[in-house]
Amino acid sequence: MSATDKLRTEVVVIGAGISGIAAAKCLKQAGFDVIVLEKTGEIGGLWTFKEHGYGVMRFTHINVSKFNYCFSDFPFPEDVPDFPHNSHMAKYIADYTMHFGIDKLIRFQTQVNKIERIDRDWHISTVKVQEDGKGGYIVGEPMTFIARYVAIATGHHAKPSHPRFPGQETFKGQIIHSVAYKDAISNGIVGKRVLIVGIGNSAVDVAVNAASIGRCKSVYLSTRSGAWVLSNYLFGHPTDFYACRFFLWLPFRLQTFILEMVLTVIYGKPQKYNLNPKMHALQTQPTVSPTLHHHILRGQIKIVPNIQVSNSTENRQPDCPLHGWKCCRV
């Protein structure tokens with residue numbers, strides 16, 4: 001192909017993850033001519049596990065039940081667990097894609113470099129790429145797509161956010177972002193001391209994995225805001241079953257009171273675990289973990305305040321989680 005090669009269509013969807021595939025399916029059913037551009041050679045976006053690069057961790061299970069996460073016209077198979085593993089999710093998305101014929105619309109290994117509006121059309125400049133097996137890409141031939149409409153479905157987890165702390169450059173251990181974390185063994189943290197910054201779902205998953213599979217000496221979760229933590233199941237049913245129309249019809253304050261009361265009856269007050277949430281349970285996205293409380297009570301995971309790194313190791317207190325560490329912060 002030459003640099004002048006162009007292809008015209010009605011709609012270009014960027015990204016063949018779950019949102020891009022769903023968008024393409026709906027647009028196709030509405031009668032549009034659709035092309036899906038996907039940088040990798042696979043369907044599924046972050047749900048397709050990769051040893052290197054963007055994607056889920058090796059042990060990731062979805063924290064929404066399959067009954068609420070499935071498409072209304074394509075339920076999960078009966079033999080899939082209530083909370084599917086990432087391999088189940090990847091297969092489900094691939095099966096959905098094949099079932100509705102979206103696979104025929106996808107241009108794999110096509111990286112979008114620029115989108116610009118010229119007159120009434122969008123010009124999407126792309127290049128063919130090939131994965132190098134190390135999380136990078138080898139660039140190939142260019143191609144331009146011209147479309148009346150563009151749907152961007154590249155995901156909101158694709159670019160990690162790296163916080164900076166005062167004196168961070170003096171820390172001698174390894175610093176890993178969760179987007180690069182696969183499991184305790186692959187990332188070489190077995191038996192080490194680990195500090196996880198954050199208390200969202202990914203942070204808690206890493207902490208539990210480090211404490212159990214990694215058999216780490218110490219695992220700390222550092223949080224500014226604390227969290228309300230709930231399990232995948234309440235009273236024998238998936239927790240999201242209770243987010244029904246009747247519950248959502250209730251006043252917000254009553255919803256919050258009910259959820260906090262239920263969690264307190266089951267686990268006790270969050271202060272018992274040093275979780276110390278600064279907000280009510282429904283004022284932010286809940287953190288879901290069936291085992292975090294268990295590990296905290298056994299002393300395998302400790303909750304600590306927001307991380308502060310001094311400019312000198314001499315100024316650190318002996319009980320500071322970073323004191324004398326040769327480990328990693330995830």
Requested in this report: Enter the distance from R58:CZ to N86:CG here, rounded to the nearest 0.5 Å.
Outcome: 9.5 Å

Report task. Output every pair passing side chain to side chain donor-acceptor pair (under 3.5 Å) with a member in residues 279-289, not counting sequence neighbours, ordered by first then second residue. Result -> E260-H280

Query raised in the report: Are Y181 and N209 close enough that a side-chain donor and a side-chain acceptor fall under 3.5 Å?
Result: yes

Requested in this report: Measure across A243 and L248 and return the closest heavy-atom pair with its distance rounded to 0.1 Å.
Outcome: O-CD1, 3.9 Å

Requested in this report: Apply side-chain contact (heavy atoms from CB on, under 4.5 Å) to N232 and list each qualifying residue two or more places apart in sequence or on a separate chain.
Outcome: N63, F83, V288, P290

**Report entry** R215 side, atom CZ; I213 side, atom CD1 - distance, nearest 0.5 Å
**Finding:** 8.0 Å

Report task. Indicate whether the side chain of S186 and that of D183 have a donor and an acceptor atom separated by less than 3.5 Å. Result -> yes

Requested in this report: Output yes when D95 and K91 qualify as a salt bridge under the 4.0 Å nitrogen-oxygen rule, no when they do not.
Outcome: yes

Report summary line: Under a side-chain separation threshold of 4.5 Å, the hydrophobic residues clustered together with I146 are none

Query - Residues that F76 engages under ring pair (Phe, Tyr, Trp, His ring centres under 6.0 Å), provided they are two or more places apart - result: Y92

Report task. Would you please name every residue forming a ring pair (Phe, Tyr, Trp, His ring centres under 6.0 Å) with F59, sequence neighbours left out? Result -> none

Anything under 3.5 Å between a donor and an acceptor, one on a side chain of residues 13-33, the other on a protein residue two or more places apart or in another chain? List them.
unit_1, atom_1, unit_2, atom_2, d
K25, NZ, Q29, OE1, 3.4
K25, NZ, D73, OD2, 2.6
K28, NZ, F100, O, 3.0

Query - Test item: K278 side-chain N/O and R224 main-chain N/O as donor-acceptor pair under 3.5 Å - result: yes

Query raised in the report: Do side-chain atoms of K128 reach the backbone of Q111 as a donor and acceptor pair under 3.5 angstrom?
Result: no

Requested in this report: Please name all residues satisfying side-chain contact (heavy atoms from CB on, under 4.5 Å) with I35, sequence neighbours left out, ordered by chain then number.
Outcome: L7, T9, L37, R107, F145

Query raised in the report: If you look only at pairs with a residue in residues 292-301, which of them pass as a side chain to side chain donor-acceptor pair (under 3.5 Å), with sequence neighbours excluded?
Result: H295-Q300

Report task. List in chain and number order the residues that pass side-chain contact (heavy atoms from CB on, under 4.5 Å) with T223, two or more places apart in sequence or in another chain; answer none if no residue qualifies. Result -> I199, S225, I303

Report task. Any pair with a residue in residues 234-247 that passes side chain to side chain donor-acceptor pair (under 3.5 Å), sequence neighbours left out, goes on the list, sorted by first then second residue, please. Result -> S65-D240, N68-D240

Report task. Indicate, with yes or no, if I106 and V127 share a hydrophobic cluster defined by side-chain heavy-atom contacts under 4.5 Å among Ile, Leu, Val, Met, Phe, Trp and Tyr. Result -> no

Query raised in the report: How does the hydrophobic cluster around M98 look, that is, which other residues are in it when side-chain heavy atoms under 4.5 Å mark a link?
Result: none

Report summary line: Smallest heavy-atom separation, L46 atom then Y54 atom, equals CD2-OH, 3.4 Å

Query - Listed partners of F71 passing ring pair (Phe, Tyr, Trp, His ring centres under 6.0 Å), at least two apart - result: Y96

Report task. Give the intermediate values and the outcome of side-chain hydrogen bond (donor to acceptor under 3.5 Å, both in side chains) for residues T40 and E38. Result -> CA-CA 6 Å; T40 72; E38 168 56 38; 2.7 Å; yes

Query raised in the report: So, the side chain of S222 versus the backbone of P305: is there a donor-acceptor pair under 3.5 Å, distance only?
Result: yes

